[in-house]
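What's counted below: heavy atoms across the whole structure, side chains too, no hydrogens, waters or symmetry copies.
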Amino acid sequence: MKVILSTLNAKYIHTSLAIRCLKAYSEKDFDIELAEYTIKDPVMNIVSDLFQRGADVIGFSCYIWNIEETIKVIDVLKKIMPEVKIVLGGPEVSYDTDHWMKRLENVDFIVVGEGEETFHQLLQELEGDRKFHFVYGLAYRKGEEVIQMPGRPKADLNELPSPYRFAEDIPELGKRVVYFETSRGCPFSCQFCLSSIEVGVRYYDIERTKSDILYLIDNGANLIKFVDRTFNIKRDYALEMFKFLIENHRGCVFQFEITADIMRPEVLDYLAENAPPGVFRFEIGVQSTNDPTNELVKRRQNFTKLSRTVTKVKQSGKIDQHLDLIAGLPLEDYNTFRKTFNDVFALGPEELQLGFLKMLRGTGLRIDADKYNYKYMDVAPYEMLSNDVLSFADIVRLKRLEDVLEKYWNSHRMDHTVNYLIEREFSSAFDFFQEFGDYWEGQGWQKIGHQLEDLFTRLQSFLESRGTKRMDMVLGLMKLDYFLNHKYKPRKIWWEHTLEKDDWSSYMKMILQHPDALLSPAVADLVADASKESTGEANVGNQQPQPYREIIPAFASLKLSEKELQKHAVLDVLPFSLDHILSGGSPLTAEGRTLLLVVYQQNGQQKPLYYTMPIGKNIAAI
């Protein structure tokens, strides 16, 4: 009996841990093959491939992002392979199982919940006496009747074989995301989340976990994403794992979901002192800062402690943080969500993900949907459309905000510009992204694509349309961001006025004669801070943590010739003190001009290096 375990991943770089767990458990007794596709693959391509592989049993792992596409594949498969047995499993079909069996006539079995033992016993019965009523955790058909067996006790995780050591995975390890679990279950009871349904947390033996991770690293894994719902729930376990990964990472990157308000100070101190920059990434689900909302959905959260953790991690400059919000939770109207957004944005996360509530099958919130007058999509992903305090019109506006948030913040194409606009020109971060999102859709830009320069020209158009003050300063910051968006010297620019050739030559000679006068960002901050103290501006202006800046070499140490500068550098003059503005100084006191030099291809990562020199009134600083 040949068995194929399959799934449709969201992207090619993703991999399915679930089907690997099933194969690892059953491959000793059955011929099992893995077949992964994506939700973008044409149905006929998937069906053709599965048909040519040939199988007696095909199992699909089902989630909200792939269920509808999976159904299309199953319906075609059953037409051309009517004898094949179709088995579904995964979180999307583990709840309302009777609904799925009745809706999907081409599905023969559904494995409910944790699947390793249930799927193995199902295969034994398919090959043997077909007494499916012995298989706990299974739904099956008996004539026209759907039979759903009682659930199966949770497995002892340390009796499950490793799903990380398949030889066929090795060639792809460095090209794809490896999903890894050190535990199963969640200690919390958030009513919008499926993880709240399983009580308690079970752990794999830590030495086994370390061994599997070393195997993956030794065989070329570049990104390991831990799927534990709260990686840091056990302080000692988390700290030991962090230490192990720091000592053995060899360039591999690790991503974790953590609960920030329970992160212990000693763990934070250890990470701040020892974590190599860029090796760890934290995903933190904030969801809402509205206390009545959190209380109603049984989400225990101390935002003060959460903020302390996020701020300390950010100040270390070692770990990128991805913070999540959910729009559409009960009691969270447009105005309170505005506050939630601003509360979290003020923490300065490297990425702020705005999601919309999904009314997942099996969750308490879906069961109580009528209490809050929820309207939501009938099919996956069951996204909410409105409730008693958030209208569909509000949702539409927030979708516009989400669009420009992705393009202008999470992409990090314009950090300097966006930070300045939020701090100096708009009432809040929410108001900037919302107003820009409304303008974006009003121009019809959501219907067409964009190149990098389009993002700059469209922002300029928006800002000019609303009469934004000090546009010369904004355009100067946009130039800096545009230059920093390239690995190589850009061939074109999006603004009209550039330096005259004679001015360019004159400034180039000044740079070559006074290389020590060019300041790196770190040095420029010290100069700007001293300037603010002398003008009484200290502690005025932005209090938001700034994006982490790597220390870059002094310009003089590069020892570049005029020919090399002409080939690898861009030069511009900004009509204000750039260093003063970037360090949080007031635009009103940013007097003078700045010579901006950006140099390309001078480091292994090919990140551009930028330097500044005060000119005009501040020339004495040389």
Side-chain angles (χ1 to χ4, degrees), residues 276-278 317-318 412 415-417 419 473 476-491 493 498-535 546-585 589-622:
K318 304 288 188 66
H412 293 289
D415 283 354
H416 301 96
T417 305
N419 273 315
M473 199 167 286
L477 292 169
M478 292 173 72
K479 289 180 181 181
L480 171 63
D481 283 327
Y482 186 76
F483 287 143
L484 296 181
N485 264 275
H486 293 80
K487 288 186 176 181
Y488 305 96
K489 182 176 178 178
R491 295 182 178 180
I493 55 177
T498 59
L499 283 176
E500 298 292 338
K501 188 173 182 180
D502 289 345
D503 292 334
W504 199 95
S505 298
S506 176
Y507 285 125
M508 190 60 69
K509 288 179 181 177
M510 184 192 303
I511 288 170
L512 292 168
Q513 291 171 2
H514 303 282
D516 291 326
L518 283 161
L519 305 177
S520 68
V523 176
D525 279 349
L526 296 176
V527 173
D529 288 343
S531 173
K532 283 193 291 182
E533 286 181 11
S534 68
T535 58
Q546 291 294 305
Y548 174 65
R549 292 177 181 169
E550 295 180 32
I551 297 175
I552 66 174
F555 175 72
S557 71
L558 299 179
K559 298 180 180 180
L560 298 174
S561 66
E562 182 174 359
K563 183 177 180 180
E564 289 171 319
L565 285 174
Q566 288 176 344
K567 183 177 181 181
H568 297 301
V570 292
L571 199 63
D572 211 320
V573 174
L574 309 182
F576 58 94
S577 171
L578 175 64
D579 305 326
H580 181 79
I581 292 298
L582 293 185
S583 62
T589 53
E591 298 175 346
R593 295 185 299 159
T594 300
L595 182 65
L596 173 66
L597 177 73
V598 183
V599 183
Y600 299 88
Q601 293 179 272
Q602 299 303 310
N603 59 64
Q605 293 77 36
Q606 292 189 333
K607 292 181 180 179
L609 310 175
Y610 82 89
Y611 302 89
T612 60
M613 178 189 289
I615 56 178
K617 290 185 179 181
N618 292 336
I619 195 70
I622 297 177

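- Contact record, P277 with G317: CB-O, 4.4 Å, taken as the closest heavy-atom pair.
- Taking 4.5 Å as the limit, some side-chain heavy atom of T589 sits within range of a side-chain heavy atom of H580.
- In this structure, the side chain of K489 engages the main chain of Q566 through a donor-acceptor pair within 3.5 Å.
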Notebook entry, point to check: Where do H416 and L484 land on the side chain to side chain contact (heavy atoms under 4.5 Å, CB included) test, with the steps shown first?
Noted result: CA-CA 10 Å; H416 301 96; L484 296 181; 3.7 Å; yes
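- Partners of D572 under the salt bridge (Lys or Arg N to Asp or Glu O under 4.0 Å) rule, at least two apart in sequence or in another chain, are K479.
- Summarising the geometry, atom NE2 belonging to H568 is positioned 10.5 Å from atom OH belonging to Y488; distances are rounded to the nearest 0.5 Å.
- Panel note: side chain S505, backbone K501; a donor-acceptor pair is recorded below 3.5 Å.
- In this structure, CG in D516 is found 9.5 Å from CE in M613, a value given to the nearest 0.5 Å.
- Note that CG of L582 is 6.0 Å distant from CG of L477, once rounded to the nearest 0.5 Å.
- Residues S561 and L512 approach most closely at C-CD2, 4.4 Å, considering heavy atoms.
- Side-chain N or O atoms of T417 include one that pairs as donor or acceptor with a backbone N or O of M478 at under 3.5 Å.
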Notebook entry, point to check: For Y610 and I552, what are the C-alpha separation, side-chain angles and deciding distance, and is it a side chain to side chain contact (heavy atoms under 4.5 Å, CB included)?
Noted result: CA-CA 9 Å; Y610 82 89; I552 66 174; 5.6 Å; no
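- For the atom pair CG (L597) and OG1 (T612), the distance works out to 9.5 Å, reported to the nearest 0.5 Å.
- Residues passing the ring pair (Phe, Tyr, Trp, His ring centres under 6.0 Å) test with Y507: none are found, sequence neighbours excluded.
- For the atom pair CD1 of I511 and CZ of F555, the computed distance is 6.0 Å after rounding to the nearest 0.5 Å.
- Minimum heavy-atom separation, S577 to T594: CA-OG1, 3.4 Å.
- Nearest heavy-atom pair across Y482 and P490 is CE2-CB, 4.4 Å.
- Annotation: the span from L558 atom CG to L565 atom CG amounts to 9.0 Å, rounded to 0.5 Å.
- Under a 3.5 Å cut-off, the side chain of S520 and the backbone N or O of A554 do not form any donor-acceptor pair.
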